[in-house]
Asker: 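A single structure is presented below for examination.
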Amino acid sequence: MDLRFSELHELRRALDSGMVSAEELAQDYLDALARDPYGAVLAIDPDRTLAQARAAQQRLDSPASEDTSPLVGLPILHKDVIVTQGWPTTAGSKMLEGYRSPFDAELVARLLAEGMVCLGKANCDEFAMGSANLHSAYGVCRNPWDTERIPGGSSGGSAAAVAAGLAPAATGTDTGGSIRQPAAMCGITGIKPTYGRVSRWGLVAYASSLDQAGPMARSAADCAWLLNAMAGHDPKDATSLAREPEDFGRFLQASLSNSSGPDRPLSGIRLGLPRQYFGPGLSAPVRAAIDHALAELQLLGAECLEVDLPRTELSIPAYYVIAPAEASSNLSRFDGVRYGHRSAQAQDLQSLYRNSRAEGFGPEVRRRILVGTFVLSHGYYDAYYLQAQKVRRLIAQDFLAAFDQCDFIVGPVSPTLAWGIDAAGQEKDPLADYLADIYTLGASLAGLPAMSVPCGFGHASDGAGPLPVGLQIIGRQFSEARMLGLAHRYQQATDWHRRCPPPAAGRALTASGSGASSVPHAFAAEAGLAARGAP
Amino acid sequence: MDATELEKLATLSRLALTDQDRNDLLPAVSAILAWADGLHQAPTSGVTPMAHPHDLALRLRDDQPETLPSRDALMANAPQASHGLFVVPRVVE
């Protein structure tokens, strides 16, 4: 049995049966992370991880235990824009090199309280700004399906690690698609919850009216478990929603509609296909996989109908005005005084600020700060920032109108397959990268829950592949449980989410995870833990 | 967007620019802003700006004592500190 590519549900059974202990499980993933050939992980701390694993095992072994958490002893990797006590948090930026948070993010604390074991920190685009993980100060992250290609971004390290069996689950954050797009490109399942579901306390802020954290895992059922632990009201986050706790897994078994039956579990469910998501910009291999997925969903009983999201194209300029505006404000905290990089070239306070920020921030972050400062500046505020906020309202209204006709909106996550890592391309026209976000930005602007579900593979025009394709499901606000139920029905009927990338041929592409234990664990061989995909 | 405007933006953003930065950033930022002009195609007369996905009112937390990280823990990441204070270059001549 190959546990490293198992779902959390399968690992739960392995732990409960005593087939493996929490410590052995953590050690096996630590060994894999120490040999990470993808640049997916930025920091591990085996002693700290194993201490958490031992504490979890004690919880499991306690005879008086009335533990109801399904997550006790299960490992997870955290995106590096989420602060963790003990592990460094860099947000993928030189600005925060060596930074150690004095507290855990609320979602980290919640997962720890549920007994989850932190494996370390995942690579990401600097301050979560990017769609390819090419903007990390700590090196690119590579797609396990083709190491010459990007894993998507900004949660690229999280997605690559889960896809490659370096972690069974990871956290991500999504501001304009940063959970969904890398999940799609790496062939895993990820959900961006409704804005306000998961506390932003302890997220390194990018664009505060859009940022939302969520789970990335190997199945919708696993995401439901994780979201149950991550979501919930937090008084420390002024935008955290005070709603009654709910079980996000309640539609994994329960019927999604009154007319559904065992053979046609999606009968009575109306899926809206936005015309604008199926235009000429959608590449042929992605289109083919999506069409195939839609046919499968219809076989399961769902009804597909066309809907309109007429302002889809405007979501790009709206997002790339609003997000940089909020970023320019949020990132003003990095001043070289209280934490973060301080320039050695500082004669006075102004040069301290200007040089520290110039040296600490990478090119994409500087571009967005300058654009954000421009659209908020005197004389341009109304024309750009306020206008973008008005367009944002119209885009949100378009979604509301579409949901009058359907239960869910479905379509592609990304117009293309994962593209090639081109060193010279890192500084290419940023607009080209922004266009790739066209199908994910709308749900972000409207604050809607949206997820990516593996739905097939395609080959690039140069024949490269197979490369994963993700189906996007967008729901009404607070409809995560139903979305996860829909995705689960699809995953019961298909096995795209269970496919594993080829082993990485043992070559070390990047150096990372220094200080890690690389001693082979005796148990791994015994249980066949590292039998597959071990890089 | 011209070089003078870029310089003004850099000052407002507290970013030092090298000549190379100026050469790279001027066309990139100009292109992004030219593209953002596309927003003006949309008729928005009478539309209320949407600052946030939810219409939330600001709420206050209960006034309860809680334990926060110690001063030492909060100062541990300071690039330069002395006597429990952040050190900055001289600001008064």
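Residue numbers begin at 1 in each chain, while the letters A, B, ... track the order of the sequences. Here the structure is a predicted model, which means the values were calculated and not measured.
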Asker: Side chain, backbone, both or neither: which part of Met75(B) has an atom under 4.5 Å from a heavy atom of chain A?
Answerer: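 Contact with chain A is absent: no heavy atom of Met75(B) under 4.5 Å.
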Asker: May I ask you to say whether Asp24(B) pairs ionically with Arg367(A), meaning some side-chain N is under 4.0 Å from a carboxylate O?
Answerer: no
Asker: For Ala42(B) versus Leu314(A), what's the shortest heavy-atom pair and its separation?
Answerer: CB-CD1, 3.6 Å
Asker: What part of Ala318(A) is in contact with chain B, defined as an atom under 4.5 angstrom from a non-hydrogen atom: side chain, backbone, both or neither?
Answerer: both
Asker: Looking at Asp37(B), Leu60(B), Leu68(B), which has the largest count of heavy-atom pairs under 4.5 Å with chain A?
Answerer: Asp37(B)
Asker: Tell me, do Val337(A) and Gln80(B) make a side-chain contact under 4.5 Å, heavy atoms counted?
Answerer: no
Asker: Rounded at 0.5 Å granularity, tell me how far CZ in Phe103(A) sits from CG in Leu74(B).
Answerer: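 Between atom CZ of Phe103(A) and atom CG of Leu74(B) there are 9.0 Å.
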Asker: Sort Leu352(A) into side chain, backbone, both or neither according to what part of it lies under 4.5 angstrom from a heavy atom of chain B.
Answerer: side chain
Asker: Is it the side chain or the backbone of Thr18(B) that comes within 4.5 Å of chain A heavy atoms, both, or neither?
Answerer: neither
Asker: So which part of Phe361(A) gets closer than 4.5 Å to some heavy atom of chain B, the side chain, the backbone, both or neither?
Answerer: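 Phe361(A) touches chain B through side-chain heavy atoms alone.
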Asker: Check whether more than 12 heavy atoms from other residues, nucleotides or ligands sit under 6.0 Å from atom CD of Gln345(A), and answer yes or no.
Answerer: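 At most 12 heavy atoms, drawn from other residues, nucleotides or ligands, come within 6.0 Å of this atom.
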Asker: Looking only at heavy atoms, what is the nearest atom pair of Gln389(A) and Ala51(B), with distance?
Answerer: NE2-CA, 3.4 Å
Asker: Of Ile369(A), Leu376(A), Thr373(A), which is the lone residue that meets side-chain contact (heavy atoms from CB on, under 4.5 Å) with Leu12(B)?
Answerer: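 By the side-chain contact (heavy atoms from CB on, under 4.5 Å) criterion, Leu12(B) pairs with just one of Ile369(A), Leu376(A), Thr373(A): Thr373(A).
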Asker: Can you check whether Arg100(A)'s main-chain N or O pairs, donor with acceptor, with Asn77(B)'s side chain at less than 3.5 Å?
Answerer: yes
Asker: Out of Ile322(A), Leu96(A), Asp348(A), which one racks up the most heavy-atom pairs below 4.5 Å with chain B?
Answerer: Asp348(A)
Asker: Counting heavy-atom pairs closer than 4.5 Å to chain A, which one of Val29(B), Ile32(B), Val87(B) comes out on top?
Answerer: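 Heavy-atom pairs under 4.5 Å are most numerous for Ile32(B).
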Asker: So which atom in Arg59(B) and which in Asp234(A) form the shortest heavy-atom distance, rounded to 0.1 Å?
Answerer: NH2-O, 4.2 Å
Asker: For Pro79(B), is there any backbone N or O sitting under 3.5 Å from a side-chain donor or acceptor partner on Arg342(A)?
Answerer: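 Pair absent, no side-chain N/O of Arg342(A) close to backbone of Pro79(B).
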Asker: Can you name the closest pair of heavy atoms from Met50(B) and Leu445(A) and give their distance?
Answerer: CE-O, 3.6 Å
Asker: Looking at every non-hydrogen atom in both residues, tell me the closest pair between Ala383(A) and His40(B) and how far apart they are.
Answerer: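 The answer is O-NE2, 2.6 Å.
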Asker: Is the backbone N or O of Thr239(A) less than 3.5 Å from a side-chain atom of His54(B), with the two atoms forming a donor-acceptor pair by type?
Answerer: no
Asker: Do you know which of Tyr320(A), Tyr384(A), Tyr385(A) has the most heavy-atom pairs under 4.5 Å to chain B?
Answerer: Tyr384(A)
Asker: For Arg14(B) and Ser356(A), indicate whether the former's side chain and the latter's backbone hold a donor-acceptor pair under 3.5 Å.
Answerer: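 Judged by distance alone, no pair lies under 3.5 Å.
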Asker: Does atom NZ of Lys236(A) have more than 12 heavy-atom neighbours from other groups under 6.0 Å away?
Answerer: yes
Asker: Tell me if a side-chain donor or acceptor on Arg393(A) pairs with a main-chain N or O of Thr48(B) at a distance below 3.5 Å.
Answerer: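 A pair under 3.5 Å: yes.
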Asker: What part of Asp62(B) gets closer than 4.5 Å to chain A, counting heavy atoms only: side chain, backbone, both or neither?
Answerer: neither
Asker: Ignoring hydrogens and angles, tell me if any N or O in the side chain of Glu5(B) forms a donor-acceptor pair with the backbone of Phe374(A) under 3.5 Å.
Answerer: no
Asker: Considering all heavy atoms of both residues, which atom of His52(B) and which atom of Arg392(A) are nearest to each other, and what is their separation?
Answerer: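 Shortest heavy-atom separation between His52(B) and Arg392(A) comes out as N-NH1, 4.0 Å.
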Asker: Determine whether Leu15(B) and Tyr353(A) satisfy the following criterion, side-chain contact (heavy atoms from CB on, under 4.5 Å), listing intermediate values before the conclusion.
Answerer: CA-CA 7 Å; Leu15(B) 282 171; Tyr353(A) 295 151; over 6 Å; no
Asker: So which residue, Ser240(A), Gly196(A), Ser101(A), ends up with the most heavy-atom pairs under 4.5 Å with chain B?
Answerer: Ser240(A)
Asker: Below 4.5 Å from any heavy atom of chain A, which atoms of Leu39(B) appear? Answer side chain, backbone, both or neither.
Answerer: both
Asker: Side chain from CB out, backbone as N, CA, C, O: work out which of these in Glu313(A) comes under 4.5 Å of a heavy atom of chain B, or both, or neither.
Answerer: neither
Asker: With a 4.5 angstrom heavy-atom cut-off, which part of Ala10(B) approaches chain A: side chain, backbone, both or neither?
Answerer: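 Both backbone and side chain.
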Asker: Does any backbone or side-chain atom of Val88(B) lie under 4.5 Å from a heavy atom of chain A? Answer side chain, backbone, both or neither.
Answerer: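 Contact with chain A is through both the backbone and side chain of Val88(B).
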Asker: Is atom CZ of Arg90(B) surrounded by more than 12 heavy atoms (other residues, nucleotides or ligands) closer than 6.0 Å?
Answerer: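 Incorrect, the count does not exceed 12.
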Asker: Looking at Pro89(B), Pro49(B), Pro69(B), which has the largest count of heavy-atom pairs under 4.5 Å with chain A?
Answerer: Pro49(B)
Asker: Could you give the distance from CZ (Phe86(B)) to CG (Asp335(A)), rounded to the nearest 0.5 Å?
Answerer: 9.0 Å
Asker: What do you reckon, is CD of Glu359(A) surrounded by more than 12 foreign heavy atoms closer than 6.0 Å?
Answerer: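 Enclosed.
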Asker: Report which part of Pro43(B) has an atom under 4.5 Å of a heavy atom belonging to chain A: side chain, backbone, both, or neither.
Answerer: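 When you check distances to chain A, only backbone atoms of Pro43(B) fall under 4.5 Å.
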Asker: I need the Ser13(B) OG to Arg354(A) CZ distance, nearest 0.5 Å.
Answerer: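 Spacing of OG (Ser13(B)) from CZ (Arg354(A)) equals 9.0 Å.
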